[in-house]
Amino acid sequence: MRSYSGFKNQRFKTYFDNEIYLPYINFIYIPISIFCAFIVTDYIHFGSECITPIIFRVILFLLMMAAARYCITNKPNVLELVESAFLVISSLFLVYVGRLAIELNNFDYQGGIILVMIYIGTFSRLSARYSISTLSFIFLAYLIGLAPLLYEVEPEHEIETISVYISAYILISAACIRRDLEVHKRFAQSEQLRKQAIQLRKQSNMFEALSYQDALTGCYNRLYLHQVIEPSIDRQRSITSIMIDIDHFKSINDTYGHQMGDMVIKELADEIQKRLPTSSNCFRYGGEEFLVLVQGETEASIESLVNALLESPTRLRLEVTISIGVKHAPQALGSVEQLIDDADQALYISKKGGRNKITWCD
């Protein structure tokens, strides 16, 4: 089990302040209101002598309300300290009115401090550090400020009262410690859930990327073409489809094996993507067939691009050639399927015309 000094780390402190204390931020007004409501009991017990404690109580009430409102609005991170200070001030005031009651021979008006202690253990959201520190101060205030005077009058009764206070102190301290342990447990569970959520999000992103990408080449697939690229095409800009096919690819597989065929496809995909402008996307359209879509380029720049693409196999480890079909449209007004089909027909002409060449579709 971790010691309470471990709770001082910044992450837990931030979590405690934001997730545990702040949802109950307005609860700080409750003990202040109860403190003010005891004006009635002041009047009952003191009669005509109640003016001074009532004035003090009202002044303290107004100051505490103003301080609480300011902290909630501007500095919620110091609310623990502020609430602890309020409880200490309230206990000192209770010692004052308790002593005043004793001077008036009233020995039944000294039990308010036990209510403050109970509040700390049940309703307050103070951390264990603040709770036990405040609790100890309040208990000592009673032992020093009231217990000696009450002991002089009724020793046996006061010893019994102190034993009740000690029992309450122990039980309330244990409750505060348990509350902190529960908070820490929730924090650990929240951290675990957060990490799991991040991991699931990463996996989801990875699976989404895989669903749009060809595993061998890293190029996009037809799903990405139809679900992402096609809806985002700017119909007012030019668009070009370029179909690329490896010549005599079956003979490569038959002669060197499918692993060599995969290597050729992958290396060619890398070389194609190196030559593409930023306004383009490359797709593995078939087994050894690639589609390139380019937007916003002039016909002259496309001609320069396809000439460079035709030379891309020269860097492969195996000597191969490619055939290319091109369809350029000044505006992307027609369907993407028709644009691709036109480029594919041009590719077919390149194949029939001897391969290792470029054909443009008029």
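Computed over heavy atoms, backbone and side chain alike; hydrogens, waters and symmetry mates excluded.
The two atoms that bring Ile272 and Cys282 nearest to each other are CG2-SG, 4.0 Å, heavy atoms only. Considering every non-hydrogen atom in both Lys327 and Ala343, the closest pair reads CB-N, 3.9 Å. Of all heavy-atom pairs between Cys219 and Gln273, the closest is SG-NE2, 3.6 Å. When all heavy atoms are compared, the tightest approach of His328 to Thr240 is ND1-OG1, 2.7 Å. Closest approach of His248 to Ser251, counting heavy atoms only: O-OG, 2.6 Å. Between Ser84 and Tyr130, the shortest heavy-atom contact is CB-CD2, 4.0 Å.
By the 4.5 Å heavy-atom criterion applied to side chains, Gln213 and Tyr224 are not counted as neighbours. Side-chain contact between Leu94 and Phe38: absent, with no pair of heavy atoms (C-beta onward) separated by less than 4.5 Å. With contacts defined as side-chain heavy-atom distances shorter than 4.5 Å, the pair Phe61/Arg57 does not qualify. Here the side chains of Val306 and Trp360 are in contact, with some heavy-atom distance below 4.5 Å. Residues Phe137 and Leu92 form a side-chain contact, since some pair of their non-hydrogen atoms from C-beta on lies under 4.5 Å apart. Between Val97 and Phe56, every side-chain heavy-atom pair lies at or beyond the 4.5 Å cut-off. Looking at Leu276 and Leu309, their side chains come closer than 4.5 Å, going by heavy atoms from C-beta outward. Counting heavy atoms from C-beta outward, Ile118 and Phe123 have side chains that stay 4.5 Å or more apart.
Side-chain atoms of Asp341 do not come within 3.5 Å of backbone N or O of Glu337 as any donor-acceptor pair. Under a 3.5 Å cut-off, the side chain of Ser133 and the backbone N or O of Arg129 do form a donor-acceptor pair. In terms of modelled atom types and a separation under 3.5 Å, the side chain of Ser131 and the main chain of Leu126 share a donor-acceptor contact. Between the Arg355 side chain and the Thr321 main chain, no donor and acceptor come within less than 3.5 Å of each other. Between the side chain of Ser91 and the backbone N or O of Val88 there is at least one donor-acceptor pair closer than 3.5 Å. Proximity of a side-chain donor or acceptor of Asp344 to a complementary backbone N or O of Ile340 within less than 3.5 Å is not detected. Of the possible donor and acceptor atoms, one in the side chain of Ser232 sits under 3.5 Å from a partner among the backbone N and O of Ile229. Distance alone, capped at 3.5 Å, is enough to place a donor-acceptor pair between the Arg284 side chain and the Gly286 backbone. Listed for the Ser238 side chain is no donor-acceptor partner under 3.5 Å among the backbone atoms of Gln295. Not a single donor-acceptor pair under 3.5 Å links the side chain of Arg237 to the backbone N or O of Ala332.
Aromatic pair Phe35/Phe86: ring centres not closer than 6.0 Å.
Criterion: ILVMFWY side-chain heavy atoms under 4.5 Å apart, direct or through other members. Under it, Leu291 and Leu305 are not part of a common hydrophobic cluster. One hydrophobic cluster holds both Val95 and Met64 under the rule that ILVMFWY side chains link at heavy-atom gaps under 4.5 Å. Under a hydrophobic clustering in which Ile, Leu, Val, Met, Phe, Trp and Tyr are joined whenever their side-chain heavy atoms come within less than 4.5 Å, directly or via other members, Leu339 and Tyr220 fall into the same cluster. Note on Ile166: it clusters hydrophobically with Leu135, by side-chain heavy-atom contacts below 4.5 Å among ILVMFWY residues. Linking Ile, Leu, Val, Met, Phe, Trp and Tyr residues whenever their side-chain heavy atoms come within less than 4.5 Å leaves Leu149 and Ile144 in two separate clusters.
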*Show your reasoning for whether side chain to side chain contact (heavy atoms under 4.5 Å, CB included) applies to Ile265 and Phe290.*
CA-CA 10 Å; Ile265 291 174; Phe290 295 91; 3.8 Å; yes
*Evaluation steps, side chain to side chain contact (heavy atoms under 4.5 Å, CB included), between Leu115 and Ile34*: CA-CA 10 Å; Leu115 297 178; Ile34 293 173; over 6 Å; no
*Given side chain to side chain contact (heavy atoms under 4.5 Å, CB included), test Tyr169 with Met117 step by step and report yes or no.*
CA-CA 7 Å; Tyr169 176 86; Met117 295 172 66; 4.0 Å; yes
*Which is it for Asp42 and Tyr109 under the side chain to side chain contact (heavy atoms under 4.5 Å, CB included) test, yes or no, and what are the steps along the way?*
CA-CA 9 Å; Asp42 287 346; Tyr109 200 51; 2.4 Å; yes
*Yes or no on side chain to side chain donor-acceptor pair (under 3.5 Å) for Glu311 and Asn307, after CA distance, side-chain angles and deciding distance?*
CA-CA 7 Å; Glu311 298 298 320; Asn307 288 332; over 6 Å; no
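Annotation: Tyr29, atom OH; neighbour count of heavy atoms from other residues, nucleotides and ligands within 6.0 Å is above 12. For NE2 of His157, the number of neighbouring non-hydrogen atoms (other residues, nucleotides, ligands) closer than 6.0 Å is 12 at most. In Arg317, the CZ atom is not crowded: 12 or fewer heavy atoms of neighbouring residues, nucleotides or ligands sit closer than 6.0 Å. Heavy-atom neighbours of Tyr43 OH from other residues, nucleotides or ligands within 6.0 Å: at or below the threshold of 12. For Tyr96, the OH atom counts as densely surrounded, since its 6.0 Å shell holds more than 12 non-hydrogen atoms of other residues, nucleotides or ligands. More than 12 heavy atoms of other shown residues, nucleotides or ligands fall within 6.0 angstrom of atom CD in Gln196.
Here Lys266 pairs with Asp270 in a salt bridge; the nearest charged N to carboxylate O distance falls below 4.0 Å. Under a 4.0 Å N-O distance rule, the pair Arg275/Glu271 qualifies as a salt bridge.
The side-chain contact (heavy atoms from CB on, under 4.5 Å) test with Leu293 is passed by exactly one of Ser280, Ser241, Ser279: Ser241. Only one option out of Asp245, Thr359, Asn356, Asp247 pairs with Ser350 in a side-chain hydrogen bond (donor to acceptor under 3.5 Å, both in side chains); it is Thr359.
Sorted by first and then second residue, the side chain to side chain donor-acceptor pair (under 3.5 Å) pairs involving residues 158-167 (not counting sequence neighbours) are Tyr142-Glu158.
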